[in-house]
There are 2 protein chains.
Amino acid sequence: MEKIRIGIYGFGNLGKGVLEAIKQNPDMELVAIFTRRNPEDVASQLKEKVTVVSTNSVQEYKGKIDVMIACGGSATDLPEQTPMLAKMFNVVDSFDTHAKIPEHYAKVNEEAQRGETIGVISCGWDPGMFSLNRLYANSILPKGNTYTFWGKGVSQGHSDAIRRIEGVKDARQYTIPIEEAVNRVRNGENPNLTTREKHLRECFVVLEEGADEVKIEAEIKNMPNYFADYDTTVHFISEEHLLREHSGLPHGGSVLHSGVTGVGNKEVIEYKLNLASNPEFTGAILVAVARAAYRMNKNGESGARTMFSIAPQLMSPLSEEELIKRLL
Amino acid sequence: MEKIRIGIYGFGNLGKGVLEAIKQNPDMELVAIFTRRNPEDVASQLKEKVTVVSTNSVQEYKGKIDVMIACGGSATDLPEQTPMLAKMFNVVDSFDTHAKIPEHYAKVNEEAQRGETIGVISCGWDPGMFSLNRLYANSILPKGNTYTFWGKGVSQGHSDAIRRIEGVKDARQYTIPIEEAVNRVRNGENPNLTTREKHLRECFVVLEEGADEVKIEAEIKNMPNYFADYDTTVHFISEEHLLREHSGLPHGGSVLHSGVTGVGNKEVIEYKLNLASNPEFTGAILVAVARAAYRMNKNGESGARTMFSIAPQLMSPLSEEELIKRLL
């Protein structure tokens with residue numbers, strides 16, 4: 001079997017998730033991991049024998065990698081990296097800065113068309129599988145409302161926001177959907193829900209020695225955008241406790257669409273994820289999308305894509321015939 | 001706006017569901033309903049002013065209908081009708097006799113390629129949206145198990161099977177998923193479940209005068225394929241009671257996929273439907289797929305398709321740009 005040759009560009013939590021996912025897909029092989037750190041340091045931390053090279057040498061891999069999976073952050077990495085990589089490789093990213101997606105799409109599209117590659121942006125579970133479920137549900141039930149709930153899970157952005165406060169040594173923030181709100185939607189009530197009615201925020205904070213609990217708790221709870229619009233609870237715990245109980249990156253959530261057909265029949269669609277590892281699940285999606293990118297490009301296509309424009313069967317290793325027999 | 005011109009071929013419960021769905025989609029118009037019954041009788045039962053004609057006159061509508069939605073039954077109607085319609089029109093059906101799908105696909109493909117039309121088969125929620133969720137979940141989490149639960153809802157096939165028993169005047173059968181089994185899957189236990197452990201069957205039966213309750217209850221419970229492998233309860237009720245309490249066609253169910261990433265992180269995906277009207281929801285899906293069929297054919301494509309090979313955005317009335325802004 002000819003294998004799809006994959007590169008991982010950036011090796012944080014998401015890159016590690018992609019590495020794990022590649023191991024589960026026998027039609028794929030990892031060619032190299034690209035890092036800004038010292039490649040030898042990264043390689044020495046891995047159980048697997050994997051080629052780890054500097055991001056500076058990426059051009060040498062043109063023609064040797066079928067799909068590059070861009071695993072950088074959305075704030076500053078991907079806006080530069082995905083278009084740059086699309087010049088040379090089919091590329092898949094998880095860009096999630098919502099307001100900037102149209103601009104990112106345009107840039108990737110330009111480079112991918114010029115490079116005759118495919119660039120699939122904003123893959124993962126949200127944006128990604130949750131987006132697909134919003135699309136399918138709205139297409140089927142145009143008279144309806146869509147609700148997205150996140151959690152229970154660790155929000156890296158909110159955890160980082162707490163860590164930036166003076167006197168905080170470490171922190172973990174859980175986003176928690178309010179079950180009563182979820183149930184009202186499930187029952188087809190079509191409620192109008194405020195931000196505060198949809199999610200709670202729970203924070204576990206380790207203080208530097210001598211830091212002021214009362215002041216820091218108030219600072220967290222009043223932080224605009226991040227916490228002020230939510231009911232937030234703050235727990236101060238020891239560093240040992242944090243590492244022992246809160247070192248995982250679970251997440252999940254649900255997309256609910258509540259619509260009406262005919263003379264008032266309620267139809268409720270729910271898509272729900274319960275994830276022990278957010279980065280590993282996201283990595284698994286990126287790898288399945290990489291398969292689709294490879295096939296679209298083989299088929300002569302180029303340009304930017306989202307999961308909206310990918311025929312689902314392109315993501316599966318099975319043939320159309322097998323899929324019809326086994327999963328239809 | 002140029003509207004997509006739709007025909008409804010067959011006007012039972014599903015055809016009525018399609019009619020309701022078309023009303024919710026302003027980019028579509030209904031050209032005609034085709035019936036084997038007396039068209040005037042059918043027309044007189046409708047509140048809407050709709051053209052109702054005999055199935056015999058279908059050839060006159062070639063060029064006047066963009067997509068024909070085939071609403072016949074899978075047992076004897078669709079195997080003949082969908083290939084016949086594909087000669088003249090883009091066509092969408094809900095063929096669900098699983099073992100015969102490959103054969104049906106081949107026949108529709110042949111006629112659709114010759115007629116330069118698109119024929120999308122086996123659309124609805126199962127096969128259909130449930131199949132898509134099985135495909136996405138297996139593509140993302142190849143190390144995992146997929147479970148499909150149906151209900152709570154009315155099974156027409158099982159209700160019909162009871163009605164065929166001598167002495168039975170009318171009957172309604174509910175398929176009910178066993179919540180304990182669903183929860184074990186949700187918790188990532190990956191249980192091996194027998195047929196009996198997954199679903200219950202509950203029957204509401206109206207007897208002919210003088211029929212033998214004990215004999216009929218035993219006959220139902222021991223019926224091979226339909227009931228013998230399940231825990232089945234039978235309630236004998238009056239005809240009035242049946243019509244008052246059991247005249248709806250609710251259904252639903254869930255597709256659960258429980259997989260593992262990395263060194264043992266459990267990831268659970270659940271897609272759940274809670275439907276007040278099975279035929280109206282199915283009709284709504286067929287209408288969204290009709291939009292995709294129209295677009296694929298406009299784009300120069302022909303042949304058989306399933307929902308597996310349809311890019312999701314083709315089902316939405318929104319442009320790719322709008323979808324990216326609003327739903328990604």
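Chain naming here is simple, since letters A, B, ... match the order of the sequence lines and numbering starts at 1 in each. Keep in mind it's a predicted model, so treat the numbers as computed, not measured. Because only heavy atoms are used, hydrogens play no part in the values below, and waters and symmetry mates are left out as well, while side chains stay in.
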Donor-acceptor pair between [X] and [Y] side chains, under 3.5 angstrom:
| X | Y | result |
| --- | --- | --- |
| His246(B) | Tyr174(B) | yes |
| Thr146(B) | Asn138(B) | yes |
| Arg184(B) | Asn187(B) | no |

What residues, two or more places apart in sequence or in another chain, satisfy side chain to side chain contact (heavy atoms under 4.5 Å, CB included) together with Asn265(A)?
->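 Checked Asn265(A) against side chain to side chain contact (heavy atoms under 4.5 Å, CB included); matches are Thr261(A), Glu267(A), Ala276(B), Ser277(B), Glu280(B).
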
Under the side chain to side chain contact (heavy atoms under 4.5 Å, CB included) rule, collect the residues that match up with Ser247(B), sequence neighbours excluded.
->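 Here no residue qualifies.
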
Under 4.5 Å from a heavy atom of chain A, the part of Val260(B) involved =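 Looking at Val260(B), just its backbone touches chain A.
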
Per-residue contact mode, Ile269(B) against chain A (heavy atom under 4.5 angstrom) =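 Both backbone and side chain.
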
Given the options [options], which has more heavy-atom pairs under 4.5 Å with chain A than any of the others?
| options | answer |
| --- | --- |
| Gly262(B), Ser254(B), Ala288(B) | Gly262(B) |
| Arg326(B), Arg291(B), Arg186(B), Met129(B) | Met129(B) |
| Phe308(B), Tyr271(B), Tyr105(B), Phe281(B) | Phe308(B) |
| Val287(B), Leu275(B), Leu328(B) | Leu328(B) |
| Leu135(B), Thr148(B), Leu273(B), Leu286(B) | Leu135(B) |
| His257(B), Met307(B), Met315(B) | Met315(B) |

Contacts of residues 16-27 of chain A with chain B (heavy atom under 4.5 Å) |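 The stretch touches chain B at Glu20(A), Gln24(A), Asn25(A).
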
Distance (rounded to the nearest 0.5 Å) between [X] [atom1] and [Y] [atom2]:
| X | Y | atom1 | atom2 | answer |
| --- | --- | --- | --- | --- |
| Lys272(B) | Lys272(A) | NZ | NZ | 10.0 Å |
| Leu30(B) | Ile6(B) | CG | CD1 | 8.0 Å |
| Asn190(B) | Asn145(B) | CG | CG | 4.5 Å |

Partner chain B: residue of Ser258(A), Ser139(A), Pro312(A), Ala284(A) with the largest heavy-atom pair count (under 4.5 Å) =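 Most heavy-atom pairs under 4.5 Å with chain B: Pro312(A).
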
Using a strict cut-off of less than 4.0 Å between a Lys/Arg side-chain nitrogen and an Asp/Glu carboxylate oxygen, indicate whether Glu320(B) and Arg305(A) qualify as a salt bridge.
->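 No, Glu320(B) and Arg305(A) are not salt-bridged.
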
Is there side-chain contact between Leu327(A) and Phe130(B), with heavy atoms separated by less than 4.5 Å?
->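 Answer no - side chains too far apart.
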
Under 4.5 Å between any side-chain heavy atoms of Asp93(B) and His104(B), yes or no?
->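 SC-SC contact between Asp93(B) and His104(B) confirmed.
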
If you check every heavy atom in residues 120-127 of chain B against those of chain A, which residues fall under 4.5 Å?
->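 Result: Ser122(B), Asp126(B), Pro127(B).
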
For Lys298(A), does the NZ atom sit with more than 12 other heavy atoms under 6.0 Å from it, leaving out its own atoms?
->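 Open: at most 12 neighbouring heavy atoms sit under 6.0 Å from NZ of Lys298(A).
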
Take Ser94(A) and Asp96(A) through the test side-chain contact (heavy atoms from CB on, under 4.5 Å) and record every step on the way to the result.
-> CA-CA 6 Å; Ser94(A) 63; Asp96(A) 67 357; over 6 Å; no

Could you give me the CA-CA distance, side-chain angles and deciding distance for Leu256(B) and Val182(B), then say whether side-chain contact (heavy atoms from CB on, under 4.5 Å) is met?
-> CA-CA 8 Å; Leu256(B) 280 142; Val182(B) 178; 3.9 Å; yes

Identify which part of His98(A) has an atom lying under 4.5 Å from any heavy atom of chain B, answering side chain, backbone, both or neither.
->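 Side chain of His98(A) only, per the 4.5 Å heavy-atom cut-off to chain B.
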
